[in-house]
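Shown next, in structure tokens, is the structure this report addresses.
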Protein chains: 2
Amino acid sequence: MEDPGWEPRRLAAVSAVLPEGVTPPGTRGRILEAGLSVFAEAGFAGGSIRQIAGVVGINSATLYAHYPSKSHVLAELVRVGHQELHSRLAEALAGAGDRATGQLAALVRAQVLVHADYPLLAVVTNDELHALSPELAAPALELRSRCRRMLLDVLELGVKDSDFALPDILMAAGAIGAMGLRVAYWFGPDQPYTREQVADGYAEFALRLAGAH
Amino acid sequence: MEDPGWEPRRLAAVSAVLPEGVTPPGTRGRILEAGLSVFAEAGFAGGSIRQIAGVVGINSATLYAHYPSKSHVLAELVRVGHQELHSRLAEALAGAGDRATGQLAALVRAQVLVHADYPLLAVVTNDELHALSPELAAPALELRSRCRRMLLDVLELGVKDSDFALPDILMAAGAIGAMGLRVAYWFGPDQPYTREQVADGYAEFALRLAGAH
DNA sequence: GTCTATAATGCGATAGAC
DNA sequence: GTCTATCGCATTATAGAC
């Protein structure tokens, strides 16, 4: 395959930012940031160790002093992405009161905001997870399962309390989750909305979808 | 990178089926089908010409008698995927009457059904489009733009006729489109729904989201 | 921890016989 | 249209000096 002569772009141009706290310090963190940039651009299979090392400004061999393989770089990115999502959802839920309407709005708002704040991380986390071995993917899958559980529990509570009118909770969870996930792909500084406006709008959509009254 | 020893899987196991009519006949069609299977499994960058040829049962060199490059195989897949979506949406809209409520339900139903019928094609079409050069991606992008236009027009009509109550049409289109797109990733024969049940459920969700009454 | 050098492999694509 | 054989190159990862 000859040189393409063009830049493959999956999303609106944004910088490869990682959330504080869950990101490792020093060179490890810089490699992770470079890996995010490269994998977001070319995918896991399409991006190379040499490209990542080039972005960091180190030799490709040096990278192996920090990560044992290319897969482990992706695995840590996927872990960080899921961890940030999970902690934000849990925090939102904790401060949302005991009514299902408030809880659902808080969950959707948090999901939208995290996807708007870290779009590259969200895309890599979701689109490249399949490239990991079951062992390396397991921690992320566990966190994803807990996120899904939170949403299902809120929907179930809402139906029980007659705050929601939903014939099927599973289908609704799929639809609501899809809405927020996709924000990472189109939201950016070029859009005529602030992140808060999207979060509020999508929370309202979710409440309507759930038949809240 | 050593042999992984496991099978990367992006979706529930389904066969690589292509829609009739828009798919080329003969060996060209069999290559396209094999390409769909390989790209869905490993992505465009991760799948190889040799793998595709192996699935077809021909030598890798023979493939170049039918497609000039690996990119052209993906380009035709992406074109077929967008063409099938566009024709199904247009057909649905044509038979949906002149009220926005019926039109929106028909569009969402059609979108869900095409994603449920051709999940592998939908995933490749959406996740690997970015790997194509602007020239090869252009026909698909044009079709995508027209699909989006259909949805926006229906939402606009509904607001004008007061059938819908929507503060923002663009955001609603993003949310509704995301719902249906994501069906390709989770729907399968293992789910407790028929394709019709999902289509009906999601059409109802879209109407609620739009504030239909 | 960082480098140079390289091993071992797989890749896309082409040449040329049939 | 299909094959065998191969070119030229990029890849992941390692060995070993400093």
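In this text, all values refer to a predicted model and were calculated from it rather than measured experimentally.
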* Asked: Given side chains that start at C-beta, do those of B:Leu93 and B:Asp153 come closer than 4.5 Å, heavy atoms only?
  -> no
* If only atom types and distance count, is the side chain of B:Thr23 paired as donor or acceptor with the main-chain N or O of B:Glu20 below 3.5 Å? -> no
* Would you say the side-chain atoms of B:Thr125 pair up with the backbone N or O of B:Leu121, donor to acceptor, closer than 3.5 Å? -> yes
Nearest-nucleotide pick for [X], side chain only, options being [options]:
X       : options               : result
B:Ile58 : C:dA13, D:dC3, C:dC3  : D:dC3
A:Asn59 : D:dC3, C:dC3, D:dT11  : C:dC3
A:His66 : C:dA15, C:dG1, D:dT2  : C:dG1
A:Ala61 : C:dC3, D:dT11, C:dC11 : C:dC3

How close or far is atom [atom2] of [N] from atom [atom1] of [X], stated in whole angstroms?
X       : N      : atom1 : atom2 : result
B:Ile31 : C:dG12 : CD1   : P     : 14 Å
B:Arg28 : D:dT2  : CZ    : C1'   : 17 Å
B:His72 : C:dA13 : NE2   : P     : 10 Å
B:Met1  : D:dA10 : CE    : P     : 17 Å
B:Leu63 : C:dA15 : CG    : C1'   : 17 Å
A:Arg30 : C:dT2  : CZ    : C1'   : 12 Å
A:Ile49 : D:dA13 : CD1   : C1'   : 9 Å
A:Tyr64 : C:dA7  : OH    : C1'   : 13 Å

* Asked: A:Gly47 near the nucleic acid: base, sugar-phosphate alone, or nothing, with a heavy-atom cut-off under 4.0 Å?
  -> sugar-phosphate
* **Touch class at under 4.0 angstrom, heavy-atom based, for A:Gly46 against every strand present** => nothing
* Asked: Within the modelled atom types, does a donor on one side and an acceptor on the other bring the side chain of B:Arg50 and the base of C:dG12 under 3.5 Å apart?
  -> yes
* Is A:Thr62 near enough to C:dG1 that one of its side-chain N or O atoms lies under 4.0 angstrom from OP1 or OP2? -> no
* Going by the angle between their ring planes, with limits at 30° and 60°, are A:Trp186 and A:Tyr193 parallel, tilted or perpendicular? -> perpendicular
* Asked: Is it the case that A:Arg182 places NZ or CZ above or below the six-membered ring of A:Tyr185, under 6.0 angstrom from the centre and within 45 degrees of the axis?
  -> yes
